[in-house]
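Down below is the structure, laid out as structure tokens.
Residue numbers start from 1 in every chain, and the chains themselves are labelled A, B, ... in the order their sequence lines are given, proteins ahead of strands.
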Protein chains: 2
Amino acid sequence: MKDRIDEQLHSRNIKPTAMRELVLKVLTDQKTAISLPELELKFEKADKATLYRTLKTFEENKLIHSINDGTASVKYALCRESCECYPEDLHVHFLCTVCEHTYCLNDIPVPKINLPAKFRLENVNMVVKGVCSNCYT
Amino acid sequence: MKDRIDEQLHSRNIKPTAMRELVLKVLTDQKTAISLPELELKFEKADKATLYRTLKTFEENKLIHSINDGTASVKYALCRESCECYPEDLHVHFLCTVCEHTYCLNDIPVPKINLPAKFRLENVNMVVKGVCSNCYT
DNA sequence: ATGCTGATGCAACCAGGTTGCAAAGTTTAT
DNA sequence: ATAAACTTTGCAACCTGGTTGCATCAGCAT
Ligand SMILES: [Mn+2]
Ligand SMILES: [Mn+2]
Ligand SMILES: [Zn+2]
Ligand SMILES: [Zn+2]
């Protein structure tokens with residue numbers, strides 16, 4: 001288990017500290033994306049700033065990606081093994097208005113957009129809001 | 001001028017107060033979307049809470065729509081005359097990473113997405129980040 | 001004029017995010 | 001082995017955008 005975690009960290013050139021292993025473990029166990037405040041709650045006693053910087057490190061090294069779902073807090077989720085966060089790697093996200101969970105729709109790539117002349121695309125954030133299958137009536 | 005403004009307010013069932021006229025005037029003159037903090041700066045002396053509530057009223061009545069571009073602050077821009085903010089009315093937004101302006105790409109509708117089974121779509125926020133034509137090198 | 005309703009202004013508050021700095025831990029050089 | 005250099009952590013403080021409670025004010029109906 002720990003081996004697998006450390007391997008993941010190593011593959012993204014992140015030094016495996018105790019804190020980082022714990023955070024990555026939490027992220028791995030998540031089925032939906034998690035925010036910094038939510039992450040704090042996963043620990044008995046953990047420093048917000050450290051978690052914040054851990055997430056930043058993870059994101060900079062493309063171990064995780066951030067999602068702006070329009071709620072108060074940014075969510076984070078693991079990148080796939082092969083992900084380099086290029087526009088063509090991106091997928092759609094889904095925010096359920098009932099359970100408030102944010103899903104990575106890994107199988108749904110962000111559609112290609114034809115921008116006006118002389119607009120250069122670098123990144124895309126596409127979030128669909130609605131009701132998820134768990135909350136479906 | 002004022003006639004036009006009041007007409008717009010009236011068409012969305014918003015009582016035309018002095019404050020609202022001023023705010024709508026600012027929004028009309030904007031070429032790019034504007035945030036609450038930016039809106040505050042447009043006035044010599046204006047109350048944040050009032051502006052906040054004005055924007056909320058405008059949004060609830062579909063005179064404006066909000067844009068979550070991933071920056072610290074939510075942006076607002078006028079809806080088109082015919083807009084009812086249904087999913088099929090939505091367009092793509094563009095955040096320039098150089099000038100930091102957020103554009104409504106009114107001519108680019110948000111592409112239709114096929115969600116997984118039993119996911120119901122209610123709304124979509126699609127923001128492209130990159131370099132705009134003004135900042136294009 | 002009087003009273004009702006909604007809009008405004010002010011102040012205080014809240015939460016997420018961010019930073020400075022010193023202590024602790026790790027790596028590298030001598 | 002020891003010291004120096006660098007990285008990570010923990011704590012506290014701070015900033016900012018957003019939000020709310022409440023008293024006052026303006027407009028409209030009676
Ligand atoms: Mn995702
Ligand atoms: Mn728009
Ligand atoms: Zn749900
Ligand atoms: Zn630009």
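When the P atom of D/dG17 is taken as reference, atom CG of B/Leu51 falls 13 Å away, rounded to whole Å. When the C1' atom of C/dG9 is taken as reference, atom CZ of B/Arg20 falls 15 Å away, rounded to whole Å. We find that CG of B/Asn13 is positioned 12 Å from P of C/dA7, with the value rounded to whole Å. Protein atom CD of A/Glu40 is 13 Å distant from nucleotide atom C1' of C/dT18, rounded to whole Å. When rounded to the nearest whole Å, the span between CD of B/Glu60 and P of D/dT19 equals 11 Å. Nucleotide D/dT8 holds its C1' atom 17 Å from the CG atom of A/Leu24, rounded to whole Å. One atom, NZ of A/Lys48, and another, P of D/dC15, lie 14 Å apart when rounded to the nearest Å. Here C/dC21 presents its P atom at 17 Å from CG of A/Asp47, a figure rounded to the nearest Å.
Under a 3.5 Å cut-off, the side chain of B/Thr97 and the backbone N or O of B/Gly130 do form a donor-acceptor pair.
In this model, the phosphate group of C/dG17 is not approached by any side-chain N or O of A/Tyr52 to a distance below 4.0 Å at OP1 or OP2. Taking 4.0 angstrom as the limit, B/Thr17 places none of its side-chain polar atoms (N or O) nearer than this to OP1 or OP2 of D/dA26. Neither OP1 nor OP2 of C/dA15 sits under 4.0 Å from any side-chain N or O of A/Ser73.
Contact annotation for B/Thr50: base contact, defined as any heavy-atom pair under 4.0 Å involving a base atom. Among the protein residues, B/Ala72 comes within range of the sugar-phosphate backbone only, with heavy atoms under 4.0 Å from sugar or phosphate atoms but none that close to a base.
Under a 4.0 Å N-O distance rule, the pair B/Asp107/B/Arg80 qualifies as a salt bridge.
Residues A/Lys15 and B/Lys56 each lie close to DNA chain D; by heavy-atom proximity, the contact nearer the 5' end of the strand is made by A/Lys15.
Among the candidates B/Val110, B/Val127, B/Asn125, B/Val128, the single residue satisfying the side-chain contact (heavy atoms from CB on, under 4.5 Å) test with A/Met126 is B/Val110.
The aromatic rings of A/His93 and A/His65 lie tilted to each other, with the angle between the two planes from 30° to 60°.
Checking D/dG18, D/dG17, D/dT9 against the side-chain heavy atoms of A/Arg53 singles out D/dT9 as nearest. Distances from the side chain of B/Lys45 to the nucleotides C/dT8, C/dC10, D/dG10 place C/dC10 closest.
One hydrophobic cluster holds both A/Tyr52 and A/Leu63 under the rule that ILVMFWY side chains link at heavy-atom gaps under 4.5 Å.
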